[in-house]
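In what follows, every chain begins at residue 1, and chains take the letters A, B, ... in the order their sequences are listed.
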Amino acid sequence: MVKPTDRVVATENEPLKKLAEVRDLNFYYSGKHALKNINLPVYEKKVTALIGPSGCGKTTLLRCFNRMHDLYPGNRYEGEIWLGDDPPRNLLQMDPIEVRMQIGMVFQKPNPFPKSIYENVAYGLRVRGINNRAILDEVVERSLRNAALWDEVKDRLEEPGTSLSGGQQQRLCIARALATDPALILFDEPTSALDPIATVSIENLIVELKDQVTILIVTHNMQQAIRISQFTAFMYLGEIVEYNETMSIFTKPVEQKTADYVSGRFG
Amino acid sequence: MVKPTDRVVATENEPLKKLAEVRDLNFYYSGKHALKNINLPVYEKKVTALIGPSGCGKTTLLRCFNRMHDLYPGNRYEGEIWLGDDPPRNLLQMDPIEVRMQIGMVFQKPNPFPKSIYENVAYGLRVRGINNRAILDEVVERSLRNAALWDEVKDRLEEPGTSLSGGQQQRLCIARALATDPALILFDEPTSALDPIATVSIENLIVELKDQVTILIVTHNMQQAIRISQFTAFMYLGEIVEYNETMSIFTKPVEQKTADYVSGRFG
Amino acid sequence: QGTPTIRIDGSSTVFPITEAVAEQFQKAQGGKIRVTVGVSGTGGGFKKFCRGETDISNASRPILAKEIADCKAAGINFIELPVAYDALTVVVNPQNTWARSLTVAELKNIWGPDSKINNWSQVRQGFPNIPLKLFGPGADSGTFDYFTEAINGKAKVSRKDFTASEDDNVLVQGVSRDRGALGYFGFAYYMENRNRLKAVAIDNGKGPVQPSEQNVLNGTYQPLSRPIFIYVNAKSAQRPEVRQFVTYYLNNAPAMVKKVKYVPLPASAYRTILANFNRNRVGTVFGGKEAIGLTINQLLKMQPQ
Amino acid sequence: MRSQQHILNNLRNPIAIAASIQSRKRWEQFFIALGWFSLLVALLTLVFLVSDLFLRGLPMLNWKFFTSPPSSDPEEAGILTAWVGSLLVIFVTALVAIPLGIAAGIYLEEYAPKNWLLDFIEVNITNLAGVPSIIYGLLALGFFVYILNWGESILTAGFTLALLILPVVIVTTRESLRAIPQGIREAAYAVGSSRWQVIADHVLPYSMGGILTGIIVGISRAIGETAPLITIGALTFITFLPDPPIQNEFPYISFKWIWSPFTVLPIQMFNWVSRPQEAFQVNAAAAGIVLLVLTLAVNGTAIYLRYRFRKSIKW
Amino acid sequence: MVEQPLPYSTKLPVALPSRTVRIWRERIIASILFLAAISSVVTTLVIIYILFAETVIFFEKVMEMHQESLFEALVEFFTGTDWSPLIEPVGIGILPLLSGTFTTCFVACCVAIPLGTIAAVYLSEFAPAKVRELLKPILEILAGIPTVVYGYFALLVVTPFLQKIILGVQQFFNPGKEPWEYYELPGFNMLGAGIVVGLMVLPYITSLTEDALQAVPLQLREGSYAMGATRLQTAIRVLMPAAASGIVAAYILGLARAIGETMIVAVAAGLQPKFTFNPLEGASTTTAFIVSVSLGDLPHGSLEYQSIFAAGIMLFFATLILNVAGYFFSRRYREVY
Ligand SMILES: Nc1ncnc2c1ncn2[C@@H]1O[C@H](COP(=O)(O)OP(=O)(O)OP(=O)(O)O)[C@@H](O)[C@H]1O
Ligand SMILES: Nc1ncnc2c1ncn2[C@@H]1O[C@H](COP(=O)(O)OP(=O)(O)OP(=O)(O)O)[C@@H](O)[C@H]1O
Ligand SMILES: [Mg+2]
Ligand SMILES: [Mg+2]
Ligand SMILES: O=P([O-])([O-])[O-]
């Protein structure tokens, strides 16, 4: 049987490199089988989108990548998620803190720490024991620049991060994730709590960032997936129904369920 | 200047009767101007849908109709909402309890009272001082039948309403609203907390109910609006950008904003 | 080394005297010596004293045989020092207009172990129909021991349905707040609260006698006149601060005892007692028994047995 | 059947509606009056209590009252030893209860696996919070005074009150920790923090306001506690102060005071209340004022702090 | 337009802090915190141990003194109406202490439950936000007053006031007698003490009940209002049933407070253990007995020393049951929403 994930590489011309790959992943919330036999490649320097109706398991899958589920008792993974290539390691077998040090995450609701803007961005380095002010200064500036926030905040780095507007807060969270130079950044509906204008700026930012970092993003907005992603996986009831290049998913879906969903017949 | 609301009646063939009409309504959440110059007719025995991106004021407008905002201090209405015809009365000038006795509401999350199914439906009558068992029995049965729930619950009327499934609970809430024979029922995203199957049953129910009662519904699912409503108002940033027959809104929108929204370019 | 501390505990009857002396003494010493005074009742005080927890024990009755044995077991010798005379006073509420005096027999009827009297009309023909509420010292109290021995004929035997407290202030409060109340405790507590209490004259067959300094001195207030004591741990007595304190106590006793409204012994008697103390005369003159109806003169003549 | 139909037709009849509303509103008015009455009872209690205390006690409140030890003469008697005792006892209490309570709160909220042990500890803490204070007195008497042989000392009292307020500190600590949005924790974990880093860098600093409030509420309770200290024997007549904690010779700090006998404000007040002489009631009232002002000030600080912290940190 | 992302110039140090060090540090911290959490369990165990140990000695002494078996002693303890462990012949029937406790608590509940419930419903559902914000701290103040001050208040203000009222009522209905011929409320009585205990627990009940009402989800409230209900109807028909377990928890916890209250009853209710349910009389509660006995320093090892533990054990288990019941009720209402 051809796995859904096998389809893509065949149709692809330019050379693609897998940064991570999910293999036969099952996930249980204390007994509740939330992810079923997930197989999914994540290509380097690309944006991969997860779409699907509410409750289908998008967030659950995303959070497997940085072992967020380890924080709560009763959760159980089965299967593998391979990361990197020299050599690839199954991140489900690694120390979760090590995993998180290599994979950043941006959440649905902007969640800056109630500390200064500077400290928000520097926090990831401080956690790693880096307190050298010169390094911090440099990293903070670069991350804020990369998050397209530098010009807006450079004169108020000491103000609390919570004093920013929603869209700025979300960009601050992106800067925080960028500061530690992760290989992969996970985005969980990063714009769903933002107004349209802030949404546009975050979307642009994601498009720019993909040249530098690999991105896996959950979105409930299909148009957003079209606008920013190269690959899309459609999930339903804990399974990946279809995975393909984004354009194919939306223009010539193979599965009936996918077709129904992208045309708005349910969800 | 032609008000957006004037357009419809001109394009309409069958005789239409306005059950209610919003005129130049402004609404403020303690200083925050949440609704701006709203004008909107609500036609009798029709379903009118309110759509628009998150935070645009759909819920706020809906809740003006049964004066829900009166429950919280600092809220202020300006303008008029006319209701009925012999004679029409401005419901913003009426006693709020009187208003609510004539206008039912179904909420986003099913909210049955922690009472038996029977008492949930009978609540509206009891509140009005009607405790005659024969009357209550009759009304409870009729309302549950109208809400397509009778067959499922007729043998367990004494069980708590909270023991039902989500979709059943929502239908119970509809039965509860129907029991007091309201002229208008407000629905605030009644299916967004439900699974696809329950959603279908509620949608069917709404379609059937409109022969009996007028319905004003907020939805974030544009396909839902297409499926069940005859008229649609598109709101954006507290204003009604466009109001028209549903088909027109989705197939030949007049405003650019509407076109962008219904084609998924933002929101 | 910390500030030297003298620990005193025991009788509530003696407490006012010791408290006043302690206060004056500490003032006079400029805070170089500390004195703590507790109120546990005579019995409670002896229990601690005989375990060596206190240096001095206040007592409103002589030490009993059992307590002597306890002290002996713990290797504690004591010096017995009478410090004043008390008229154990039976009191009623000021609104009580009928019970001006009570006979010893009536008191026994009231307080006897099997007494069922709960109304004044049952006490004596002609007393009004008013509920009788009883207040008395608790079981650790020397006053209780003395009163039960003197009235009921056997120490610690009493009816039980009364409000008992080691703290005589509680009893004063109780009697002063209840029209039908009757209680008993040391004379000083009555005198301190004369405007809220009324003393009952005691009729021991020779007509009613009011409790008063005079009637104690002339030996007519019977059987409720009694000596009160302090007992000093003989080992503690070697400590300079304790010596100093006891000397101060006895030297100032006449004034202090008068000030807190007890009946002082004759001035010469205090000199003899101080001499006994300085001679370290350990032991008791009572042989571990309650002494009822002892007059001052009889007391002063007693010699250790 | 007719009448039923009639009633149901009336559902939209404006006159019937108006009548129904009117009668229901009358009930509401009546209930509002009842509500005011109930609150008034509470308020009047407060007013009576405070004004009675002040009317009686105010004349006694002067400098001398604060600087004199108790005495058999009501005119002379003051609260010097009482307030010094209270201060020292509370100091010990705080020293024990604060670290222990916060640590326990952190464990239960951030570490404890959700199992029967956590359930058990939780029930246990709730129970301890509701155990009458006199039972703590019995615990202290049996355990600290006699088994550990600490005697009737400031140390005993401090530990007793610490155990007494421990549940308060634990519960408020947990509540303030719980108020930190999970999103903040996840954000910190997501950049690679360890559990303790998350707690030390974020959870604790952000919840300090709430924890502080809990501590202060606990302390104010400890200040007013009487019963457990009576059982451990604080009611002796004490006219002297404990050894000073600071000395002018090496090693300069002395801990002898923790073994000292003591009295505290509420006990001094209780002692005076139970004296029959009118004059001592004045002292009692004056001590009551001091106690009341003290606890109110401490409580007020807690209320104010809570208010400020609620405003200052927005998520 | 966002400019091109900046490349990384500084290579971040990959030498992360040692994992072993980190893991061990985490373990040690967790163990310390665990010990702190266990301290509460230890406290309970010590309480139970102390209470039991002394109570056992108490019964041994009584058995020896009365020449009876343990069973007889226990029967006497639980059914006897004579509590006088300090006075010969020793009586160890606990009922007088329980009746005193029960009566004061009953009076307290009669005051606190209706007033507290009404005040809570009013504050939660009717009072304007300003009034609520103002009154809640005041109620907290009331709850924060040291109980010895309440005791003083009961003895010197409430009881005299009650005496005047009772006398006044009698004189009104039955005038013309001499003052002493009327019934007089004793100076120490359970009525005054109970009322003040009630006033003391009033803020607890109000605040816990209010919390329970506030915890009812907004949707239920709005659901009821949307049906045309008034505030009162919503409160009584929807909110109170919905918050029932929380309200019951509030009552139970208030009752536990009342049972454990010591200083008020010790100062104002009288100290004589008396088997009576008449609130007009004075009597001793369990707590007041313990305090009154320990007022004089207790000689360790005497029967009176042990008697307070025997009384204490009753108190402990009574409040234990109530507290645990209250806990489960309040947990239930928290779980529902
Ligand atoms: N902590 C949890 N414990 C148990 N079940 C959970 C938990 N979190 C989510 N679930 C369930 O797992 C399924 C997948 O949830 P998930 O949050 O991944 O969905 P989603 O696709 O992200 O939906 P949404 O678009 O609403 O965020 C849902 O049925 C959800 O109810
Ligand atoms: N109670 C309130 N106080 C102040 N502002 C409010 C309040 N409720 C809503 N708002 C604001 O009013 C605006 C309109 O909110 P409303 O809930 O009506 O939006 P909506 O269109 O229903 O959105 P959604 O689809 O998310 O429900 C929003 O900006 C919202 O933040
Ligand atoms: Mg999600
Ligand atoms: Mg809405
Ligand atoms: O306190 P007493 O004097 O009665 O022992």
**Message:** Looking at E/Phe161, I want to see if its CZ is surrounded by more than 12 non-hydrogen atoms of other residues, nucleotides or ligands under 6.0 Å.
**Reply:** no
**Asked** Can you say whether E/Leu218 sits under 4.5 Å from chain B via the side chain, the backbone, both, or neither, judging by heavy atoms?
**Response** side chain
Return a table of donor-acceptor pairs under 3.5 angstrom between the side chains of residues 103-116 of chain E and protein atoms on other chains or two or more places apart.
residue  : atom : partner  : partner atom : Å
E/Thr103 : OG1  : E/Ser99  : O            : 2.6
E/Thr104 : OG1  : E/Gly100 : O            : 2.9
E/Thr104 : OG1  : E/Thr101 : O            : 3.0

**Engaged part of B/Ile103 at the chain E interface, taking heavy atoms whose separation is under 4.5 Å** =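 Contact with chain E: backbone only.
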**Request:** Measure distances from B/Phe107 to the heavy atoms of chain E and classify the residue's part below 4.5 Å as side chain, backbone, both or neither.
**Result:**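 Interface part for B/Phe107: side chain.
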**Request:** May I ask you to test the E/Leu220-B/Pro112 pair for a side-chain heavy-atom distance under 4.5 Å?
**Result:** no
**Request:** Provide the closest heavy-atom pair for E/Ala226 versus B/Met105 in the form atom of the first, atom of the second, distance.
**Result:**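 It is CB-CB, 4.0 Å.
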Which atom pairs, one donor and one acceptor, sit under 3.5 Å between chain E and chain B?
residue  : atom : partner  : partner atom : Å
E/Gln219 : O    : B/Asn111 : ND2          : 2.7
E/Glu222 : OE1  : B/Arg63  : NH1          : 2.8
E/Glu222 : OE2  : B/Arg63  : NH1          : 3.4
E/Glu222 : OE2  : B/Arg63  : NH2          : 2.6
E/Glu222 : OE2  : B/Tyr72  : OH           : 2.7
E/Ser224 : OG   : B/Tyr123 : OH           : 2.8
E/Met227 : O    : B/Arg128 : NH1          : 3.1
E/Gln233 : NE2  : B/Val127 : O            : 2.8
E/Arg237 : O    : B/Lys115 : NZ           : 2.8

